[in-house]
Amino acid sequence: MMEWETVIGLEIHAQLATKSKIFSGASTAYGAEPNTQACTIDLGMPGVLPVLNREAVRMAAVFGLAIGAEIARRSVFARKNYFYPDLPKGYQISQYELPIVQKGQLTIDLDEGVSKVIGITRAHLEEDAGKSLHEDFQGLSGIDLNRAGTPLLEIVSEPDLRSAKEAVAYMKKLHQMVVYLGICDGNMQEGSFRCDANVSVRRKGDPKLGTRAEIKNLNSFRFVERAIEFEIERQIDLIEAGGKVVQETRLYDPDKGETRSMRGKEEANDYRYFPDPDLLPLVLDEEFIATTRASLPELPDTKKQRFISQYGLSSYDAGVLTTSRALSDYYEATVAALGGEPKLCANWVMGDLSAFLNKENREITASPVSPVQLAGLLRRIQDQTISGKIAKDVFEALWAGEGETDAIIEKRGLKQITDNSAIEKVIDDVIAANPEQLAQYRAGKDKLFAFFVGQVMKASKGKANPQQVNDLLAEKLKG
Amino acid sequence: MSLGPAEVAKIAHLARLAIREQDVPAYARNLSAILELVEQMNAVDTSGIIPLANPLDMAQRLRADDVIEADQRAHFQAIAPRVEAGLYLVPKVIE
Amino acid sequence: MHDKTIAQLSAGLAAGEFSSEELTRSLLERIEQFNPGLNAFITVTDDVALSQARAADERRRQGQAGPLTGVPIAQKDIFCTDGVRTSCGSRMLDRFIAPYNATVVEKLNAAGMVMLGKTNMDEFAMGSSNENSFYGPVRNPWDLDAVPGGSSGGSAAAVAARLTPAATGTDTGGSIRQPAALCGLTGIKPTYGRVSRWGMIAYASSLDQGGPLARSAEDCALLLGAMAGFDPRDSTSVDRPVPDYVAALDRPLTGLKIGLPKEYFGEGLDGAVARAVAAAIAEYRKLGATVLDISLPNTHLAIPAYYVIAPAECSSNLARFDGVRYGHRCDQPKDLLDLYTRSRAEGFGPEVTRRILVGTFALSAGYYDAYYLKAQQIRRLISNDFQQAFAQVDLIAGPTSPTVAFNLGEKVDDPITMYLSDIYTIAVNLAGLPGLSLPVGFVGQRPVGLQLIGHHFAEECLLNAAHRYQQITDWHTRTPPAFA
């Protein structure tokens with residue numbers, strides 16, 4: 001068996017989260033009635049002209065700075081000419097020779113703490129096309145141009161990825177990054193983040209790249225993985241059977257789990273790029289770049305390291321808590337409100353809070369329990385007013401909006417019993433009610449200790465301080 | 001540079017223009033004459049000359065990210081050759 | 001009334017000698033009478049005109065009238081006019097009712113001007129004779145056998161025949177100045193970026209510029225003041241105040257330095273045209289100007305560079321005409337490719353087709369550097385020539401066109417000869433400079449134009465120089481006998 005190496009490069013289109021389009025004042029909101037958000041510019045009416053959206057430029061620069069790239073002081077918009085019904089002007093305004101974001105990099109985490117640096121060749125601004133709908137209109141297609149002119153940042157990686165897994169890890173990291181930076185909503189169902197994959201194979205050790213196929217429009221992590229895996233196998237089978245990979249565009253069919261050639265688009269594309277004469281060179285000065293740099297949030301990787309060193313969290317916990325800015329902000333606000341106990345806070349944010357959010361499919365920004373409220377609850381665990389177990393009930397009540405922690409504890413009588421004599425009384429009752437188990441315990445069946453703890457907790461409705469129960473029970477059971 | 005009928009047909013396809021067979025030779029002749037005219041440029045050495053794309057040395061102006069366009073679909077589609085359910089209809093797009 | 005300039009009409013309206021409605025009606029009657037013979041208008045907008053005229057009269061009653069309020073104008077059919085057919089001289093847009101107004105239209109509306117109609121033009125502004133219109137050729141009012149020039153030929157013929165006191169035009173390689181010259185009018189192509197291109201259907205975006213055609217420099221000054229100005233909807237529009245062009249008209253020309261480029265007076269220039277131009281230069285000496293010989297050494301490269309750049313841009317600009325959202329769509333397309341290729345082939349005439357093909361070729365893989373990039377480098381050389389010239393002189397003067405108006409049909413089968421008639425105007429567009437043509441005589445019954453070229457944003461200087469000349473000569477007041 002010949003050993004094969006896979007070479008993958010990804011082109012990712014991230015829709016920038018601007019309110020209006022890249023070259024017009026029409027809304028970019030998703031889901032409107034067809035063609036109600038397509039103005040004269042988006043429709044390519046005769047005589048209309050594009051004017052560049054400042055926010056799209058800022059967002060592209062934010063991304064570039066976040067991946068350590070050089071921001072072009074002068075970049076140029078070009079026209080990519082081709083005919084397609086969802087492309088109203090017969091050309092797409094994009095950047096070709098001089099993109100706004102130049103060489104950068106992204107570190108991805110692979111299994112077992114191994115990480116790998118992936119090169120980013122460039123990222124450029126361009127406009128999205130509309131949509132062709134193929135529902136049956138007497139055998140015709142319907143064109144909706146609401147999406148036409150939506151700003152995209154096309155992020156092109158170096159061919160540094162060596163497996164479908166790496167490709168997915170890179171795509172996820174990039175997804176996390178653009179959402180974290182607030183420049184893309186990351187909604188893959190709505191097409192806000194999608195991917196084209198360039199895949200080729202070569203024999204291990206061969207310095208020359210194989211012929212690549214481009215798989216278009218992959219809009220989920222799972223599809224990326226499956227499409228690439230299918231494509232790798234297809235190419236290897238093809239070559240091993242004596243065939244040749246042809247350079248072509250392929251489409252992934254999620255139903256069949258395979259890629260197929262897009263014959264229609266394949267005829268020798270000659271895009272006739274040239275600088276768009278309706279737009280002038282985009283010139284960014286040092287002040288703009290300095291201001292943008294200063295506005296950058298702490299980036300996920302840096303924040304993760306800080307969480308490990310500042311809060312003593314594990315790498316895993318720090319990683320989870322820094323997946324989104326909202327989550328890390330929530331976490332840090334909780335720690336600050338509590339004035340310490342970072343691990344307890346981490347456990348609660350990643351545990352009960354996340355579980356409740358997931359169950360109701362809510363964003364953390366829409367959590368009914370605020371960081372201050374959560375900290376209030378944790379304070380009562382900390383000062384032993386309630387046990388961790390009781391706290392779960394209080395949390396549920398907080399979530400349901402039944403009031404603040406102390407009021408809930410008061411109202412429900414959940415206050416922890418820390419009075420030794422009260423606990424002793426419960427223990428005595430339990431021991432008296434279970435003579436058989438007592439005898440067995442004393443005969444050496446140590447495991448029954450847990451039974452007694454359980455009985456005492458049950459009898460106290462969970463309110464007895466567990467540590468005190470342990471201590472007193474051990475004393476009493478000795479006899 | 002002189003263009004033959006095959007080249008004219010190729011360019012016409014790129015430009016999505018259906019040129020009748022009988023018109024191709026005349027276009028080939030005219031286009032070749034135009035290219036001959038423009039090739040007078042080749043007499044000049046332009047190495048090192050920075051191309052001039054726009055007559056004024058200006059930078060791109062940026063607009064604020066505001067939604068200022070209202071829905072005018074009915075107005076715009078009144079002049080469309082064929083629409084249905086708010087969509088522009090075209091012969092089936094094959095992907 | 002029809003023989004008055006805008007300045008005179010403005011005074012008459014202000015004095016209450018006639019109302020805008022009366023003026024408009026009389027011109028609409030003239031259009032009805034004379035347009036069939038000239039074919040200067042594609043669309044006459046009687047209803048719009050009368051309602052705007054009545055609104056202008058009302059505005060005047062309320063004391064809100066400006067100098068252009070109630071004055072009629074014709075719009076070149078390249079400017080989008082909301083609710084009115086905007087054909088661009090093409091079958092492609094024969095039934096295109098524009099859904100919005102060009103900025104130029106908005107601005108003239110805001111000034112209270114009255115739109116009489118939309119004027120004929122070479123299809124998509126590609127041509128120098130107005131013979132490339134889907135609506136047929138326009139005739140020159142000075143000689144009905146002659147072309148009016150192009151591409152703004154309908155505008156020029158309409159003004160020359162006194163069907164309208166003024167019209168808008170656009171100029172990509174001479175399309176305002178050459179028809180102004182051939183029809184005995186004053187027309188100015190402003191500096192690139194001075195007049196908004198929003199709503200002006202693009203031919204070659206880096207060269208196109210709108211401007212007025214009128215009877216005198218004074219009228220052009222009035223109109224340009226209303227048309228020019230920064231437009232946030234056009235990225236290439238320049239944010240710079242519009243000077244008071246009228247106020248600058250009477251400045252003395254003493255000490256003005258006028259350069260005569262030797263390349264504009266060489267082979268190919270008609271002798272009689274050269275004599276008329278020389279006589280005009282002599283008048284400028286009398287007005288106190290100093291005349292210097294200069295050189296624009298790359299002049300011969302302007303046409304070659306233009307016929308790469310303009311077609312390249314047009315091949316892309318005209319890709320939007322695909323039969324999907326507006327414009328001509330072929331019958332019963334059998335598939336998508338058929339829809340595109342047949343709609344476009346049916347919609348575009350031969351000259352537009354030629355230029356799209358040339359441009360597509362020049363941008364195509366393997367040829368881009370040799371053609372497009374090379375042309376942009378030549379464009380730099382041509383621009384540098386002017387920069388150097390303007391270090392020595394204030395204005396450049398020469399013939400607008402190498403000949404007077406040629407006969408209809410004379411050059412129609414020979415595109416190259418037709419292209420060469422723009423030899424003196426094209427370089428000005430490549431460099432983005434302002435250029436003005438004014439009438440300075442006749443050869444037989446056909447007018448001769450003098451071109452004045454200024455540095456960027458020197459429109460004031462051009463209008464001033466033209467106006468002073470018109471104060472001591474009367475060429476601009478001549479009326480074609482058949483339309484007196």
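Naming convention: chains lettered A, B, ... in sequence-line order (proteins, then strands); numbering from 1 in each chain.
Looking only at side-chain heavy atoms (C-beta outward), B:R16 and C:L337 come within less than 4.5 Å of each other. In this structure, the side chains of C:Y372 and B:P51 stay at 4.5 Å or more apart for every pair of heavy atoms. Using a 4.5 Å heavy-atom threshold, the side chains of C:Y371 and B:M1 count as touching. Using a 4.5 Å cut-off on side-chain heavy atoms (C-beta onward), C:F96 and B:I79 make contact. B:I19 has its side chain within reach of C:L357: a pair of non-hydrogen atoms, C-beta onward, lies under 4.5 Å apart. Between B:L17 and C:T341 the shortest side-chain heavy-atom distance does not fall below 4.5 Å.
Side-chain N or O atoms of C:R344 include one that pairs as donor or acceptor with a backbone N or O of B:A15 at under 3.5 Å. Here the side chain of C:K334 pairs no donor or acceptor atom with the backbone of B:P91 at under 3.5 angstrom. Side-chain atoms of B:R82 never come within 3.5 Å of backbone atoms of C:R329 as a donor-acceptor pair (strictly under, hydrogens ignored).
Of the two parts of B:Q40, the backbone and the side chain both hold a non-hydrogen atom closer than 4.5 Å to a non-hydrogen atom of chain C. The contact between B:E39 and chain C is made entirely by side chain atoms (from C-beta outward), counting heavy-atom distances below 4.5 Å. Neither the backbone nor the side chain of C:S343 comes within contact range of chain B; no heavy atoms are under 4.5 Å apart. Residue contact with chain C, scored on non-hydrogen atoms closer than 4.5 Å, involves the side chain of B:M58 exclusively. For B:L62, no part lies near chain C; criterion is any non-hydrogen pair under 4.5 Å. In this structure, the portions of C:I97 lying under 4.5 Å from any heavy atom of chain B include both its backbone and its side chain. Using a 4.5 Å cut-off between heavy atoms, B:D23 does not touch chain C at all. Using a 4.5 Å cut-off between heavy atoms, C:D82 touches chain B through its side chain atoms alone.
Interface summary for chain B: among C:Y192, C:F348, C:Y340, the most heavy-atom pairs under 4.5 angstrom belong to C:Y192. Comparing C:R95, C:R342, C:H456, C:Q376 by heavy-atom pairs within less than 4.5 Å of chain B, the highest count is held by C:Q376. By number of non-hydrogen pairs under 4.5 angstrom with chain B, the leading residue of C:S206, C:G432, C:A345, C:P99 is C:P99. Contact tally against chain B (heavy-atom pairs below 4.5 Å) for C:Y307, C:F361, C:Y419: the top residue is C:F361. Here C:V324 is the residue among C:D335, C:V324, C:L420 with the most heavy-atom pairs under 4.5 Å with chain B. Of the listed residues (B:H75, B:R63, B:E7), the one with the most heavy-atom contacts under 4.5 Å to chain C is B:H75. Ranked by heavy-atom pairs under 4.5 Å with chain B, the list C:I382, C:L433, C:I378 is led by C:I378.
Using modelled atom types, one finds no donor on one side chain facing an acceptor on the other under 3.5 Å when comparing B:Q72 with C:Y100.
The number of heavy atoms from other shown groups lying within 6.0 Å of CD (B:E36) does not exceed 12.
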